[in-house]
S.K.: 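For reference, the structure I am asking about is given below.
No experiment lies behind these values; they were computed from the predicted model shown. FYI, the numbering just counts along the sequence from 1.
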Amino acid sequence: MAKRSDLMIQGPERAPHRSLLRAEGFTDWEMERPIIGIANSFNEIIPGHMHLDKVVEAVKAGVYAAGGTPVVFNTIGVCDGIAMNHIGMKYSLPSRELIADSLEIMAMAHPFDGLVLVASCDKIIPGMLIASARLNLPSIFLPGGPMLPGRHRGREVGVDKVFEAVGRVKAGTMSPAELRELECAACPGAGSCAGMFTANTMSNLAEALGMVLPYGGSAPAVYAERLWIAKETGQAIVRLVRRNLRPRDILTREAFENAIVCDMALGGSTNSALHLPAIAYYAGVELTLSDFGLFTDTTPHLTTLAPAGPHHVVDFFHAGGIPAVLAELRRAGLVREKALTVTGMPVGRMLRAVRAGIRDTSVIRTCKDPVHATGGLAVLRGNLAPDGAIVKQAAVAEEMLDHTGPARIFDSEEEAFRAITGGKIRKGDVVVVRYEGPRGGPGMQEMLSPTAALAGMGLDREVALITDGRFSGASRGSAVGHISPEAAARGPLAALQEGDLVRIDIPGRRLEAKLSAREIRRRLAALPPFEPKVRTGYLARYAQMVSSAAQGAVFPR
């Protein structure tokens, strides 16, 4: 069988190439096998990645067992939690495209026959999936697995509770000593943060897309199952290469619809509304923020996972994980059963093969007894968001589902955070954080620090926050993000002034300022030209190329 790797191995003219490979220990028989590139995002700064060296060793064992030759290379990764609320967060979303580019460079410069993509966190996961869609080489994704929750004073906690505790200390309801206790207890070891935040949302949605083996999205980082799945992943990629099953055979419109309905059932991170359209864009599938709204009213919310509930991803794994959710949604006629998966089987057959089903209905509810009758995410439109905005409605208090209040205007996240922690926000306010979109930020900062401060100070049931930036999957409360067009592109958000009344009507799917269209146009026309916050380096280049959040904040193909 002709192999793509023959480009660097076969024929007398490739003797120099083979000589270099032999320097690394390659034998004749290893060069005759399919050569599998393993993209490893291991580093020593991200808890979700610090164990990936062990996971990759298990992948290599699986590749060898199946008759392939594994070759490991690395890529970068940003820890969103550590980058939060300072300039580092501006680099998080932009790293997604850089990761995708680096994988493309490695796979084109060294013609691997297939790829295994190993990552755990936020932008690294979609960056790798974008690369797989662009390259369209046989590929399989392997998450590193979630962190176990910590324990503090008899209850399970995650890093979200530490962010919220900062607000509690500011409000005087927690002592600095207890904050330190919590800080030392919340993150007990390796894995992506324990709730259904962005990292675990994307790991599990990658499984729903068909790019991850069953239970690969939810098996904890420190469980033996993680290494079992890693070995099976190594074997599976060799089968995919021999079958020539490629990402674009899997990443179809039907697959993305399966991922969206799972997202609605999970009530996952709103960042999925950036990443799924971006992956789809590079796979040649048309998908935008608006498509999420098509599934909100038809898909029930089935889980009670942090930050919207008491359970963590380890509980979700024991309850049946993504196969259980897909099986339950399939019974309700909400799953596209013929979409292919990296098992080589379509979804319906795969679910039968793994005997998928709910094992704990306190964690994953049935469609007949959902947590909420409608999906966990909602798309809002109106004169502030002509191209849409998104909110995790599953994490909004009932009394805030329809809220009208005066706008408190801030042109950066840092400014808003200082006002919140400084006690300058009042009951009923709508905090507006603008010029933090993909272009304006640049980089579309996450707003976990301000939303967590509001929650910690007990204001999440009284104050809303809207932004053209985005939110961590750990955010809760009436937090509306991805407002498009963004303020830097002269979206209507730029026209808001201090004290303007803003209505957030989540049941009605509306985001409106009490302003006429004529007044909005007048104010926008009077604004001075937008001045970029960053003028040099990668962020400046990113701001010049990036699209609207409604299209997934992508670069031109």
S.K.: Do Ser132 and Phe141 make a side-chain contact, defined as non-hydrogen atoms from C-beta onward lying under 4.5 Å apart?
M.R.: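 In short, these two side chains do not touch, never coming nearer than 4.5 Å.
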S.K.: Do you know which two heavy atoms are closest between Gly552 and Arg96, and how far apart they sit?
M.R.: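 Answer, listing the atom of Gly552 first, then Arg96: O-NH2, 2.8 Å.
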S.K.: Taking all atoms of both residues into account, what is the closest heavy-atom pair of Pro149 and Val314, and its distance?
M.R.: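 Where Pro149 meets Val314 most closely, the heavy atoms are CD-CG1, 3.7 Å.
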S.K.: Side chain to side chain donor-acceptor pair (under 3.5 Å), that's the test. Do Asn271 and Glu446 meet it? Break it down for me.
M.R.: CA-CA 9 Å; Asn271 281 314; Glu446 288 187 344; 3.0 Å; yes
S.K.: Has the side chain of Arg336 got a donor or acceptor atom that lies under 3.5 Å from a matching backbone atom of Glu257?
M.R.: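 Flag not set: sc Arg336 to bb Glu257 has no pair under 3.5 Å.
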S.K.: Please determine whether the number of non-hydrogen atoms from other residues, nucleotides or ligands lying under 6.0 Å from atom NZ of Lys231 exceeds 12.
M.R.: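 12 or below, so no.
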S.K.: More than 12 non-hydrogen atoms from neighbouring residues, nucleotides or ligands closer than 6.0 Å to CD on Glu13, yes or no?
M.R.: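 For Glu13, atom CD is crowded (more than 12 foreign heavy atoms under 6.0 Å).
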S.K.: Quick one: does any side-chain atom of Arg246 pair with a main-chain N or O of Asn136 as donor and acceptor, under 3.5 Å?
M.R.: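 Present.
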S.K.: Run through Asn200, Thr201, Asp122 and flag the one making a side-chain hydrogen bond (donor to acceptor under 3.5 Å, both in side chains) with Ser192.
M.R.: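 Exactly one option meets the side-chain hydrogen bond (donor to acceptor under 3.5 Å, both in side chains) with Ser192, and it is Asn200.
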S.K.: Would you please classify the geometry between the Trp29 ring and the Tyr64 ring as parallel, tilted or perpendicular, with 30° and 60° separating the classes?
M.R.: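 Correct class here is tilted.
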S.K.: For the pair Glu486 (side chain) and Arg439 (backbone), establish whether a donor and an acceptor sit closer than 3.5 Å, ignoring hydrogens and angles.
M.R.: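 Indeed, once roles are kept as given, a pair shorter than 3.5 Å links the two residues.
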S.K.: Check Met264 against Phe292 and note the closest heavy-atom contact, atom names and distance.
M.R.: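 It is CE-O, 3.1 Å.
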S.K.: Taking everything shown except Arg22 itself, do over 12 heavy atoms lie less than 6.0 Å from its CZ?
M.R.: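 Above 12, so yes.
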S.K.: Working to the nearest 0.5 angstrom, can you tell me the gap between Phe197 CZ and Asp160 CG?
M.R.: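 These two atoms lie 3.5 Å from each other.
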S.K.: Is there a donor-acceptor pair closer than 3.5 Å between any side-chain N or O of Arg226 and the backbone N or O of Gly216?
M.R.: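 Yes.
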S.K.: Look up atom OG in Ser5 and atom NE2 in His17, then write down how far apart they are to the nearest 0.5 Å.
M.R.: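 Here the rounded value is 12.5 Å.
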S.K.: Identify the heavy atoms of Arg242 and Ala66 that sit nearest to each other, and give their distance.
M.R.: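 Scanning both residues, the minimum pair turns out to be NH1-O, 3.1 Å.
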S.K.: I'd like to know if Asp315 and Arg359 make a salt bridge, using a cut-off of under 4.0 Å between side-chain N and carboxylate O.
M.R.: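 No, Asp315 and Arg359 are not salt-bridged.
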S.K.: Just by modelled atom types, is the Glu30 backbone N or O under 3.5 Å from a matching donor or acceptor in the Thr69 side chain?
M.R.: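 It does hold such a pair.
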S.K.: Just by modelled atom types, is the Ile35 backbone N or O under 3.5 Å from a matching donor or acceptor in the Asp113 side chain?
M.R.: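 A pair under 3.5 Å: yes.
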S.K.: Using the side-chain contact (heavy atoms from CB on, under 4.5 Å) rule, take Asp80 and Ser472 through it: C-alpha gap first, then chi angles, then the decisive distance, then the call.
M.R.: CA-CA 8 Å; Asp80 277 28; Ser472 163; over 6 Å; no
S.K.: Working to the nearest 0.5 Å, report the span between OG of Ser484 and CG of Leu289.
M.R.: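 So the OG of Ser484 and the CG of Leu289 are separated by 6.5 Å.
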S.K.: What class does the angle between the rings of Tyr223 and His318 fall in, given that below 30° is parallel, 30 to 60° is tilted and above 60° is perpendicular?
M.R.: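 Geometry flag for His318 against Tyr223: tilted rings.
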S.K.: Whether the side chain of Arg18 engages the backbone of Ile9 through a donor-acceptor N/O pair (distance < 3.5 Å, no angle test) should be reported.
M.R.: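 Such a contact is found between Arg18 side chain and Ile9 backbone.
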S.K.: With the threshold set at 4.0 Å, does a side-chain nitrogen-carboxylate oxygen contact exist between Lys338 and Glu254?
M.R.: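 No salt bridge links Lys338 with Glu254.
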S.K.: Would you call Asp263 and Lys392 a salt bridge, using N to O less than 4.0 angstrom?
M.R.: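 A salt bridge is absent here (no side-chain N lies under 4.0 Å from a carboxylate O).
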S.K.: For the CD1 atom on Ile45, are there more than 12 heavy atoms of other groups (residues, nucleotides or ligands in this structure) within a distance under 6.0 Å?
M.R.: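 Incorrect, the count does not exceed 12.
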S.K.: Flag yes if more than 12 heavy atoms outside Met108 fall under 6.0 Å of its CE atom; otherwise flag no.
M.R.: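 Open.
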S.K.: Would you confirm whether His49, through its side chain, and Asn43, through its main-chain N or O, come within 3.5 Å as a donor-acceptor pair?
M.R.: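 It does not hold such a pair.
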S.K.: Just verifying a value: how many Å separate Thr304 OG1 and Phe316 CZ, rounded to the nearest 0.5 Å?
M.R.: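 Going from OG1 on Thr304 over to CZ on Phe316, the span is 11.0 Å.
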S.K.: Main chain of Ala540, side chain of Arg535: is a donor-acceptor contact present, judged purely on distance under 3.5 Å?
M.R.: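 Absent.
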S.K.: Rounded to the nearest 0.5 Å, how far does CD1 of Ile322 lie from SG of Cys262?
M.R.: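 One finds 4.5 Å between SG of Cys262 and CD1 of Ile322.
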S.K.: Check the surroundings of atom CZ in Arg557: do more than 12 heavy atoms from other residues, nucleotides or ligands lie under 6.0 Å from it?
M.R.: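 Counting neighbours around CZ of Arg557, more than 12 heavy atoms of other residues, nucleotides or ligands fall under 6.0 Å, so yes.
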S.K.: For a quick test of reading the model, state the closest non-hydrogen atom pair linking Arg33 to Lys3 and the distance between them.
M.R.: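 So the two residues come closest at O-CE, 3.2 Å.
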S.K.: If the threshold is 4.0 Å, N to carboxylate O, is there a salt bridge linking Glu57 and Lys60?
M.R.: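 Here Glu57 pairs with Lys60 in a salt bridge, since their nearest N and O are under 4.0 Å apart.
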S.K.: Mind listing the closest non-hydrogen atom pair of Leu334 and Thr299 along with its distance?
M.R.: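 Leu334 and Thr299 have their closest heavy atoms at CD1-CA, 4.3 Å.
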S.K.: Taking Leu117 as the fixed residue, which of Ile237, Leu103, Leu142 is the one that meets the side chain to side chain contact (heavy atoms under 4.5 Å, CB included) rule?
M.R.: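 Looking at Ile237, Leu103, Leu142, the match for Leu117 under the side chain to side chain contact (heavy atoms under 4.5 Å, CB included) is Leu103.
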S.K.: Judged by atom type as modelled, is there a donor-acceptor pair below 3.5 Å linking the side chain of Thr296 to the main-chain atoms of Leu377?
M.R.: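 Such a contact is found between Thr296 side chain and Leu377 backbone.
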S.K.: Taking atom CG of Leu340 and atom CE of Met350, what is their separation to the nearest 0.5 Å?
M.R.: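 So the CG of Leu340 and the CE of Met350 are separated by 11.0 Å.
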